[in-house]
Engineer: 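The following block contains the structure, expressed as structure tokens.
What's counted below: heavy atoms across the whole structure, side chains too, no hydrogens, waters or symmetry copies. Each chain gets a letter, A, B and so on, in the order the sequences are listed, and its residues count up from 1. Please read these numbers as outputs of a predicted model, since none were measured by experiment.
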Protein chains: 2
Amino acid sequence: MQLGTGGKSYREQKVVAVTRKDQVYSILRQAIISSQLAPGEAIRKELVALQLGVSRTPVSDAINRLADEGLVEIYPQTGTFVARLRLDKIETAQFVRIALETAAIRRAAERSSADTVHSLRNNLDRQRKAAEIRDFEGFYALDEELHDMICDAAGLVGLREIASKERSQIDRVRRLLLHYETRMVETLKEHEAIVAAIADNSVERAVATMEDHISKMGKMLLQLQTKRPELFAS
Amino acid sequence: MQLGTGGKSYREQKVVAVTRKDQVYSILRQAIISSQLAPGEAIRKELVALQLGVSRTPVSDAINRLADEGLVEIYPQTGTFVARLRLDKIETAQFVRIALETAAIRRAAERSSADTVHSLRNNLDRQRKAAEIRDFEGFYALDEELHDMICDAAGLVGLREIASKERSQIDRVRRLLLHYETRMVETLKEHEAIVAAIADNSVERAVATMEDHISKMGKMLLQLQTKRPELFAS
DNA sequence: CAATAACATCTAACATGTTACATATTAGCT
DNA sequence: AGCTAATATGTAACATGTTAGATGTTATTG
């Protein structure tokens with residue numbers, strides 16, 4: 001079969017273009033990760049379209065993207081549901097996250113500048129303030145920002161987006177866990193250790209600290225399953 | 001804003017469902033990775049729809065997915081183009097690939113069974129035959145299969161799909177490179193070394209061999225840019 | 001002739017109508 | 001009552017019509 005046109009036109013510059021499907025995607029993703037849309041809950045495209053004042057098309061597009069990301073499950077001709085948590089999938093996501101972020105922090109630690117360290121410390125300051133006033137949402141956002149900053153510090157185009165996408169499953173869990181506990185204080189300490197290692201140019205210590213930090217979540221997860229079994233699938 | 005229905009219905013079993021958009025996606029992806037659709041070339045949705053005998057909808061859906069994967073670039077209200085190769089993006093993909101596949105092979109080597117080793121060796125046998133008769137396409141497919149098998153051997157649900165998706169960019173390059181040279185013979189040798197390390201349960205050697213194997217491609221890439229600059233963007 | 005503005009053209013984005021299919025419900029039968 | 005088959009219902013998948021915006025071309029003006 002003959003595909004393509006043989007035409008050679010193309011574009012040089014990148015356009016940012018925020019389309020409606022992008023907006024719908026962001027809104028739904030946020031709703032899912034914050035558990036405003038609970039695991040297992042049905043999503044009715046038509047209703048969402050109505051509520052957001054758009055047609056079904058951008059909603060479908062957004063949902064397809066979320067399905068690729070594993071945040072929703074589409075059953076053809078039947079329905080679309082917020083994906084429930086699955087321990088095996090989360091285990092894989094955890095594995096991927098450790099692989100990517102330890103590799104990233106290694107590169108970041110090797111090439112970290114005084115400027116980078118300054119930004120990281122600034123983030124930590126804000127984390128401390130958020131922790132003090134028990135601002136879960138704020139702390140969560142800063143947590144994400146810190147991990148993003150480390151990805152960026154690795155100096156690889158698009159790495160942050162990839163890591164962030166693979167983190168989706170885990171972000172959902174992390175958000176749920178943050179509310180439970182003393183976890184915020186512990187997390188802060190771990191973050192401080194990570195940044196300190198980078199500041200010291202201790203590459204291997206940075207890697208080890210990051211791995212330890214990410215692994216901690218695995219244990220918390222099992223507790224969550226006991227407390228909230230309805231969120232889980234298999 | 002109120003999203004969701006509060007409804008709690010959901011499904012247990014997984015449906016496979018090959019929809020038209022999945023088929024179109026596979027066809028286009030294959031066409032892009034095989035360079036039947038060349039980097040920079042325009043893709044006309046309407047034409048593709050006509051040629052495949054479907055409407056524009058499944059074509060758009062497929063293209064959106066390819067855009068997420070970085071294989072096409074959509075410029076709103078303007079056109080859709082096969083993504084040209086970008087050294088910086090490829091560098092990131094390479095980084096991700098090394099991070100994921102070395103981590104995967106570590107796990108795979110730790111838990112490899114006689115059965116796994118047998119399957120890997122069977123694959124190598126077929127690679128040898130393909131190399132002998134200069135069957136580039138066959139060799140390429142077996143190459144992919146080997147890497148997939150190693151991912152599977154890590155025993156993590158969905159890891160293969162993630163690794164495979166992140167490899168897209170690189171697969172395109174690898175395919176172009178295979179035709180050029182003695183690369184097929186070299187690749188075979190590297191694969192043999194990897195499998196041997198797994199068979200010996202030499203975890204660290206397996207990791208090192210894999211990293212070396214993947215890194216080799218980086219050097220070939222620069223040669224490709226010299227020979228075929230029109231495939232590259234920046 | 002150069003710069004610019006009006007306009008034509010083309011495409012993706014968006015809207016909406018239609019179809020096919022999975023599932024639940026009900027009716028009919030033993 | 002219990003089982004099976006016909007049917008109703010609801011949803012995603014698919015088709016197609018419409019809109020908005022990016023770009024290239026041509027006309028207009030200095």
Engineer: Rounded to whole angstroms, how far apart are CZ on Phe81(A) and C1' on dA22(C)?
Structural biologist: 11 Å
Engineer: Kindly determine whether Asp143(A) and Arg174(A) satisfy side-chain contact (heavy atoms from CB on, under 4.5 Å), including the steps that lead there.
Structural biologist: CA-CA 10 Å; Asp143(A) 185 338; Arg174(A) 202 155 44 137; 2.8 Å; yes
Engineer: Arg65(A) CZ to dA13(C) C1': how many Å, rounded?
Structural biologist: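 So the CZ-C1' distance, Arg65(A) to dA13(C), works out to 15 Å.
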Engineer: For His147(B) and His191(B), take the angle between the two ring planes, folded into 0 to 90°, and tell me which bin it lands in: parallel under 30, tilted 30 to 60, perpendicular over 60.
Structural biologist: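 Aromatic pair His147(B)/His191(B) classed perpendicular.
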Engineer: Which pairs count as ring pair (Phe, Tyr, Trp, His ring centres under 6.0 Å) when at least one residue sits in residues 18-45 of chain A, sequence neighbours excluded?
Structural biologist: none
Engineer: Please tabulate the protein-to-nucleotide N/O contacts below 3.5 Å involving nucleotides 12-16 of chain D, giving atom names and distances.
Structural biologist:
unit_1	atom_1	unit_2	atom_2	d
dA12(D)	OP1	Thr80(A)	OG1	3.0
dA12(D)	O4'	Gln77(A)	N	3.1
dA12(D)	N3	Gln77(A)	NE2	3.0
dA13(D)	O4'	Gln77(A)	NE2	3.1
dC14(D)	OP1	Arg20(B)	N	2.6
dA15(D)	OP1	Arg20(B)	NH1	3.2
dA15(D)	OP2	Ser55(B)	N	2.7
dA15(D)	OP2	Ser55(B)	OG	2.6
dA15(D)	O5'	Ser55(B)	OG	3.3
dA15(D)	N7	Thr57(B)	OG1	2.6
dT16(D)	O4	Thr57(B)	OG1	3.4

Engineer: Nearest heavy-atom pair of Pro39(A) and Leu85(A): which atoms, and what distance?
Structural biologist: CB-N, 4.4 Å
Engineer: Looking at Tyr140(A), I'd like to know if the NZ or CZ of Arg175(A) sits under 6.0 Å from its six-membered ring centre while staying within 45 degrees of the ring's axis.
Structural biologist: yes
